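For reference, the structure discussed in these notes is given below.
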2 protein chains.
Amino acid sequence: MLPMRPELLKGHLDALLLAVLEPGPQHGYAVIEALRTGSDGALDLPTGTVYPALHRLERAGLIASDWHTVGGRRRRAYHLTPAGHAALGEQRAVWDQFSTAVTALLARRPWPSTA
Amino acid sequence: MLPMRPELLKGHLDALLLAVLEPGPQHGYAVIEALRTGSDGALDLPTGTVYPALHRLERAGLIASDWHTVGGRRRRAYHLTPAGHAALGEQRAVWDQFSTAVTALLARRPWPSTA
DNA sequence: CCCTATAGGTAGTATCGCAAAGTATTGCGA
DNA sequence: TCGCAATACTTTGCGATACTACCTATAGGG
């Protein structure tokens, strides 16, 4: 599996984080694992990417957090706010449109096909 | 059609430009139109995005250009180099992997589905 | 004569994912 | 018991790059 160029994520990370949190509250570390396993290993994001992104989403009011202590370890569990649910819906639509457009353009092959 | 957030393109623009140039030489302005029409209007990129990107690709040796004059207007026609063809192949693979991963993660719905 | 479309260009800004480093705790193995 | 891995969170600073805004120039239609 080729290492994915970093910049590819730009602008799509928020949608992924919201999607991971949609089924229920998760703490940061678990989010990272969910992204890795849910993408078959393709998205193995460093903590320096995910934690600041979660802070950003919280500042934006799309997620909220509560501190817990489990087995002596402090955990911060994030969950979607109503605004976050709404944003996720929009982001899915945006992704559909974007990925459809890119896929269509990349699929264009030299042979004139139907011409 | 919602205006697409700028950062979404990050890292994917090069692949799109290479794909547009694959069938044959195009000048910058035509590339912009190809992106717009080929994406059903979803990708309407400003010249300040496309021209510098083309310069970048040329510096990187993935495309090359020749100047022409057509009807009194100076045009710079770009075409893929062998390295550009190879890069396009890799970029398509990267896009497939990336879009598959993102689509899978965004498709996850709360309902347990097969559980 | 101006305005639009065509065709190209640059400078500066802002965003944001990442690398790197740090703090703590638990628990395992040597 | 000492050290190390895994768990869990945080922050600073950097680099890459798409965009805004602006500029030049020609052809052609109103």
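Nothing here was measured: the structure is a model prediction, and the numbers come from that model. As a basis for the values below, the full set of heavy atoms in this structure was taken, side chains included, without hydrogen atoms, waters or symmetry mates. So that the names make sense, note that chain A is the first sequence line, chain B the second, and so on, each numbered from 1.
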Discussion item. Counting only side-chain heavy atoms from C-beta out, which of dG9(C), dA8(D), dA21(C) sits nearest to Thr47(A)?
Written reply: dA21(C)

Worksheet item: If you pin Gly72(A) and Val50(A) to their nearest nucleotides in DNA chain C, which one's is more 5'?
Response: Val50(A)

Worksheet item: With a 4.5 Å heavy-atom cut-off, do Glu22(A) and Leu80(A) have their side chains touching?
Response: yes

Response to the item:
Comparing nearest nucleotides in DNA chain D, the 5'-proximal residue of the pair Arg75(A), Pro52(A) is Arg75(A)

Worksheet item: Leu43(A) CG to dC18(C) P: how many Å, rounded?
Response: 9 Å

Practice prompt. Would you indicate what Gly28(B) reaches in the nucleic acid, counting non-hydrogen atoms under 4.0 angstrom: base, sugar-phosphate, or nothing?
Written response: sugar-phosphate

Practice prompt. Could you work out which one of dT10(D), dA7(C), dC9(D) sits closest to the side chain of Tyr51(B)?
Written response: dA7(C)

Discussion item. As a test of reading the structure: which of dT6(C), dG9(C), dT10(D) is closest to the side chain of Tyr29(B), going by heavy atoms?
Written reply: dT6(C)

Discussion item. Nearest to the Pro46(B) side chain among dA5(C), dT10(D), dT20(D), which nucleotide is it?
Written reply: dT20(D)

Practice prompt. Could you check which of dC18(C), dT10(D), dA27(D) has an atom nearest any side-chain atom of Leu45(A)?
Written response: dC18(C)

Worksheet item: At under 4.0 Å between heavy atoms, what does Arg74(B) touch on the DNA or RNA strands: base, sugar-phosphate, or nothing?
Response: sugar-phosphate

Worksheet item: Without hydrogens or angle criteria, can the side chains of Ser65(A) and Arg76(A) be said to hold a donor-acceptor pair below 3.5 Å?
Response: yes

Worksheet entry | Whole-Å distance separating the NE2 atom of His12(B) from the P atom of dA16(D) | 17 Å

Worksheet, complete the sentence: Taken to the nearest whole Å, CG/Leu54(A) to P/dC9(D) is 9 Å

Worksheet item: Between Gln91(B) and Asp14(B), is any pair of side-chain heavy atoms under 4.5 Å apart?
Response: yes

Worksheet, complete the sentence: Nearest heavy-atom contact between Ala83(A) and Gly61(A) is CB-O, 3.8 Å

Discussion item. What I'd like to find out is whether the side chain of Leu45(A) reaches to under 4.5 Å of the side chain of Leu16(A), using heavy atoms alone.
Written reply: no

Item to complete: Could you tell me whether the side chain of Thr49(B) has a donor or acceptor atom within less than 3.5 Å of a complementary atom in the base of dT17(D)?
Response: no

Item to complete: Would you mind reading off the distance between Leu13(A) atom CG and dC18(C) atom P, rounded to a whole angstrom?
Response: 7 Å

Item to complete: Identify, between Glu33(A) and Gly48(B), the residue whose nearest nucleotide on DNA chain D lies closer to the 5' end.
Response: Glu33(A)

Practice prompt. Look at the side-chain N and O atoms of His55(B) and state whether any lies under 4.0 Å from the OP1 or OP2 oxygen of dT10(C).
Written response: yes

Practice prompt. Evaluate the side-chain proximity of Arg75(A) to Gln26(A): yes if any heavy-atom separation is below 4.5 Å, no if none is.
Written response: no

Worksheet item: For the pair made of NE2 in His27(A) and P in dA6(D), what is the distance, rounded to whole Å?
Response: 16 Å

Fill in: Distance, rounded to the nearest Å, where Arg59(B) contributes CZ and dA16(D) contributes C1'
12 Å

Worksheet entry | Nucleotide of dT26(D), dT10(D), dG9(C) approaching Arg73(B) most closely (side-chain heavy atoms) | dT26(D)

Discussion item. From CD1 of Ile32(A) over to C1' of dT10(D), roughly how many Å is that when rounded to an integer?
Written reply: 12 Å

Item to complete: Grab the CZ-C1' distance between Arg76(A) and dT25(C) for me, whole Å please.
Response: 18 Å

